[in-house]
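To keep things clear, I will list the structure first and then write my remarks on it.
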Protein chains: 4
Amino acid sequence: MSHAALAPDTTPRRSRRKDARPGELLAAALSLFVEKGFAATTVEAVAARAGVSKGTLFLYFPSKVELFQAVVRENIVGRLSEWAQTIERHEGPQAPLLRELMHQWWQRIGMTEASGITKLVMSEAGQFPDIARFYQTEVIEPGQALIRLILRRGVASGEFRDLNPEHTTHGLFAPMLFLVMWKHSLGLCAPAQTQLDPSAFIDSQLQLLLHGLMPPSPHTP
Amino acid sequence: MSHAALAPDTTPRRSRRKDARPGELLAAALSLFVEKGFAATTVEAVAARAGVSKGTLFLYFPSKVELFQAVVRENIVGRLSEWAQTIERHEGPQAPLLRELMHQWWQRIGMTEASGITKLVMSEAGQFPDIARFYQTEVIEPGQALIRLILRRGVASGEFRDLNPEHTTHGLFAPMLFLVMWKHSLGLCAPAQTQLDPSAFIDSQLQLLLHGLMPPSPHTP
Amino acid sequence: MSHAALAPDTTPRRSRRKDARPGELLAAALSLFVEKGFAATTVEAVAARAGVSKGTLFLYFPSKVELFQAVVRENIVGRLSEWAQTIERHEGPQAPLLRELMHQWWQRIGMTEASGITKLVMSEAGQFPDIARFYQTEVIEPGQALIRLILRRGVASGEFRDLNPEHTTHGLFAPMLFLVMWKHSLGLCAPAQTQLDPSAFIDSQLQLLLHGLMPPSPHTP
Amino acid sequence: MSHAALAPDTTPRRSRRKDARPGELLAAALSLFVEKGFAATTVEAVAARAGVSKGTLFLYFPSKVELFQAVVRENIVGRLSEWAQTIERHEGPQAPLLRELMHQWWQRIGMTEASGITKLVMSEAGQFPDIARFYQTEVIEPGQALIRLILRRGVASGEFRDLNPEHTTHGLFAPMLFLVMWKHSLGLCAPAQTQLDPSAFIDSQLQLLLHGLMPPSPHTP
DNA sequence: GATGAATGAGTGTTCATTCAT
DNA sequence: AATGAATGAACACTCATTCAT
């Protein structure tokens with residue numbers, strides 16, 4: 001309608017929008033799936049939040065299910081590599097590293113919108129086994145591998161006892177999972193006096209776990 | 001499978017079925033709710049699995065939500081009152097009681113279909129506030145009250161230290177929640193070597209927690 | 001179950017109830033149909049109010065429609081014969097008779113539950129043409145005949161002018177119909193200041209009509 | 001029936017239909033509501049009569065009740081504002097205005113399908129309080145306000161006596177209500193000789209009312 | 001005769017999906 | 001590529017009617 005071609009803006013509107021579309025749709029879908037779950041999210045609402053029509057959504061994603069799967073895939077990759085580097089570079093005792101990582105997890109994932117992805121995946125995994133497999137492979141297993149690496153190093157240096165590594169790993173995951181689910185479900189309607197201070201909770205759980213990991217104090221007979 | 005085919009059909013058609021109906025419907029509802037979640041389960045499917053028509057279901061349960069609540073009462077709330085009695089009657093130190101209760105929980109809820117209900121509630125609480133409040137009121141709060149009672153008794157007798165009761169309660173719940181979510185979502189597709197022995201996991205978590213709860217033993221040099 | 005046979009009550013319970021059943025059902029149906037209309041009345045509610053089971057109702061009335069028709073028929077007959085006698089016996093001017101009859105109508109029909117029948121018939125007539133015909137034949141036409149008789153007598157004696165009798169008859173019915181419909185529908189939610197004093201309204205309408213019926217005053221040129 | 005069969009099908013399939021849809025749906029809804037009443041009319045039947053699917057109806061009207069309200073606005077409320085203008089602009093005596101308006105009412109509402117709406121509301125107001133309140137607010141009260149305005153002006157100019165305005169207003173409505181109920185219920189099966197000429201009936205009722213409203217003429221001996 | 005458990009065809013309403021434009 | 005009008009298969013829930021007991 002206007003003579004926009006004369007303007008210096010050389011990036012053509014159409015094609016830039018075209019490239020951006022899937023991303024805008026995925027972002028809209030992410031926030032709605034997190035907010036309302038899979039069933040209660042309508043494709044119309046996703047399209048509206050992305051500023052396109054319902055038909056356009058189906059141009060990029062052939063069905064609601066495939067949109068959901070694309071959302072999960074899009075938002076899972078590449079979260080762990082940073083921590084992998086931190087761990088690899090770390091020198092000194094492992095306990096402060098564990099403590100640091102768990103608090104970082106809370107700051108960067110647990111307390112942010114990103115924890116909604118975890119909640120989403122856990123909630124809908126039963127209906128979408130391939131999503132569960134995907135998350136298991138791409139997130140859970142690499143995450144557990146990092147933890148096991150720390151534990152192995154601690155055992156090797158004599159800082160930790162040589163306990164069952166599965167139990168310890170899961171024992172470290174359990175409070176994080178608990179916090180995520182609490183935040184996104186029942187915590188929403190828990191009475192005020194049951195409210196939870198997540199950082200303090202992490203601290204207390206870590207203290208228990210680290211104490212359990214420590215070797216029997218040397219001056220015990 | 002049995003030789004029953006030769007026997008005349010002795011199942012009474014109407015009057016005697018009436019007593020059995022609610023149970024059949026509750027069983028069908030439990031398995032479908034666990035399998036598909038609340039929103040994705042249709043009352044028609046429940047009725048069909050119970051071998052009756054849709055209308056018949058509404059003869060016994062006035063709505064889908066109340067059917068669900070009946071399922072929860074049947075499978076979970078009932079157990080809580082049993083445990084309340086066990087706790088009330090208990091004499092002696094609290095640590096073995098906690099251990100016993102957590103293993104009973106695993107045997108009677110955690111490892112059964114009923115644990116799917118907890119997963120369902122955590123997953124869909126956001127969309128069905130009625131259900132979330134119901135579960136919070138009828139299950140979570142009474143359950144936490146039982147735990148707090150044990151903790152208080154332990155503190156009173158000097159068996160436990162006087163730690164933050166919220167953290168301890170949540171710390172006891174976290175592994176159970178972890179097991180439930182694990183079993184019903186990601187665990188479904190975890191590789192064999194990551195499989196978890198739930199009883200042993202409960203044991204190890206309890207050991208950590210109980211150790212953390214014990215007062216500094218006076219006779220340690 | 002009891003030895004009631006020994007008691008002196010010789011009227012057998014069974015048969016007496018049996019004879020009373022249809023009447024109890026009709027009474028229950030009448031009040032519910034008046035209260036809620038045809039569609040919104042359930043046969044279950046009728047049976048419950050009559051103190052019998054749903055199945056029993058269908059023993060006496062083969063369908064909801066036929067129950068409805070029986071209710072209307074049962075409650076229409078024999079209301080007018082009294083007034084017919086009053087009119088026949090009346091001597092003297094007709095105007096006070098009309099006035100007396102309309103106020104009696106309000107006292108005996110309009111303000112009582114009976115006006116619900118009229119409302120019911122008018123409301124459902126479109127769906128039940130034979131009920132409409134029945135009411136027309138059994139109530140409306142005899143009623144109009146009575147009015148026409150009065151008018152004819154008034155004209156014969158010179159008390160009334162010789163106006164179109166259809167218009168006058170309908171003009172006398174219109175305020176009664178208006179009161180009935182007002183009472184049973186919109187009047188229910190009219191604001192307080194629009195409330196209507198039925199007796200005063202009848203008076204004012206009668207005054208207009210009677211004035212219109214009077215012959216031109218003799219001393220007018 | 002027409003020669004159109006030879007012409008190519010020029011009815012545009014989608015985009016141009018959109019403008020016509022609401023009107024087609026409203027027309028279908030009007031005739032079905034009048035024919036069967038509110039409760040007995042199904043949205044599916046309305047859609048079918050308009051030649052669209054059930055879902056399409058909900059594209060234009062968010063609920064059955066709002067469809068009904070749109071029908072009322074289209075067919076009745078619109079007329080009221082026309083009359084409001086007529087009344088406002090009117091100069092000279094009020095009596096001919098009243099006469100003109102009542103005849104217009106008969107031509108535009110009373111004798112058309114639209115009068116069935118009034119009958120419907122009176123019949124089903126008890127079961128659908130939303131509809132009753134809506135009609136009361138949007139039709140009855142504005143209509144009465146118009147009548148009261150005319151009466152007030154007539155009293156102010158000395159054309160009318162200062163009678164009870166409620167009774168006079170209701171007295172003017174009563175014959176219209178009578179005609180509507182007559183047309184849509186019992187009149188459907190009244191014998192031929194009882195048939196009513198509505199225009200003449202309106203005339204005669206108006207004459208009575210206007211005569212009653214006139215002040216005692218000062219120059220009568 | 002009387003019961004009440006059981007049915008199944010409908011209700012209004014929603015929403016993923018299609019397709020002519 | 002993008003639209004948005006149109007669809008129709010669900011869904012939870014109701015209720016007149018049936019029929020074995």
Side-chain angles (χ1 to χ4, degrees), chain A residues 13-15 17-19 21 39-48 51-67, chain B residues 12-21 39-47 51-67, chain C residues 13-15 17-18 21 39-48 51-67, chain D residues 12-21 39-47 50-67:
Chain A
R13 270 286 141 85
R14 271 283 182 80
S15 61
R17 295 228 56 154
K18 182 176 124 188
D19 297 347
R21 281 281 146 74
T41 296
T42 70
V43 297
E44 189 153 36
V46 174
V52 300
S53 75
K54 220 182 341 180
T56 304
L57 187 151
F58 283 93
L59 236 45
Y60 291 98
F61 303 96
S63 75
K64 189 186 177 186
V65 166
E66 299 206 33
L67 170 65
Chain B
R13 268 294 134 78
R14 281 180 195 252
S15 58
R16 245 191 291 167
R17 296 301 296 252
K18 205 215 159 174
D19 303 340
R21 284 274 183 264
T41 296
T42 70
V43 295
E44 193 154 30
V46 173
V52 299
S53 74
K54 204 172 18 167
T56 302
L57 187 150
F58 285 96
L59 234 44
Y60 294 94
F61 303 96
S63 72
K64 191 184 176 183
V65 167
E66 297 204 37
L67 170 64
Chain C
R13 267 287 138 86
R14 271 284 180 80
S15 61
R17 293 227 60 152
K18 183 175 127 189
R21 280 283 145 74
T41 296
T42 69
V43 296
E44 189 153 35
V46 173
V52 301
S53 74
K54 220 180 347 177
T56 303
L57 187 152
F58 282 93
L59 235 46
Y60 292 97
F61 303 96
S63 73
K64 189 186 176 186
V65 165
E66 299 206 33
L67 169 64
Chain D
R13 270 294 134 79
R14 281 179 194 256
S15 58
R16 247 193 288 169
R17 295 302 295 254
K18 205 215 158 173
D19 303 340
R21 284 272 183 267
T41 296
T42 71
V43 295
E44 193 154 31
V46 173
V52 299
S53 74
K54 205 169 22 163
T56 301
L57 186 151
F58 285 95
L59 235 45
Y60 295 94
F61 303 97
S63 72
K64 190 185 177 184
V65 166
E66 297 204 36
L67 170 64

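Lettering follows sequence order; numbering is per chain, from 1.
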* State which residues pass side-chain contact (heavy atoms from CB on, under 4.5 Å) with A:Ala48; sequence neighbours excluded, sorted by chain then number. => none
* Asked: Name the stems with DNA chain F in them: runs of three or more consecutive Watson-Crick or G-U pairs, distances under 3.5 Å?
  -> E:2-21 with F:2-21
Could you go over nucleotides 8-11 of chain E and give all protein N or O partners under 3.5 Å, atom names and distances?
residue: E:dG10; atom: O6; partner: B:Lys54; partner atom: NZ; Å: 3.0

* Asked: Of D:Ser63 and C:Leu59, whose closest DNA chain E nucleotide lies nearer the 5' terminus?
  -> C:Leu59
* Structure fact -> Side-chain atoms of D:Tyr60 come closest, of F:dA5, E:dA2, E:dA16, to F:dA5
* Rounded distance (Å) that lies between atom P of F:dA2 and atom CZ of A:Phe61 -> 13 Å
* Asked: Given atom CG of A:Leu57 and atom P of E:dA16, what is their separation to the nearest angstrom?
  -> 10 Å
* Could you list the residues that satisfy side-chain contact (heavy atoms from CB on, under 4.5 Å) with D:Ser53, not counting sequence neighbours? => D:Thr56
* **Between P of E:dG4 and CZ of B:Arg21, the distance in whole Å** => 17 Å
* To do: Go through the structure and list residues passing side-chain contact (heavy atoms from CB on, under 4.5 Å) with B:Phe58, not counting sequence neighbours.
  => B:Val43, B:Lys54
* **d(CZ, A:Phe58; C1', F:dT7) in whole Å** => 13 Å
* D:Ala39: what forms a side-chain contact (heavy atoms from CB on, under 4.5 Å) with it, not counting sequence neighbours? -> C:Ala39, D:Glu124, D:Phe128
* Structure fact -> Closest non-hydrogen atoms of A:Phe61 and A:Glu66, given as atom of the first, atom of the second and distance, are CD2-O, 4.4 Å
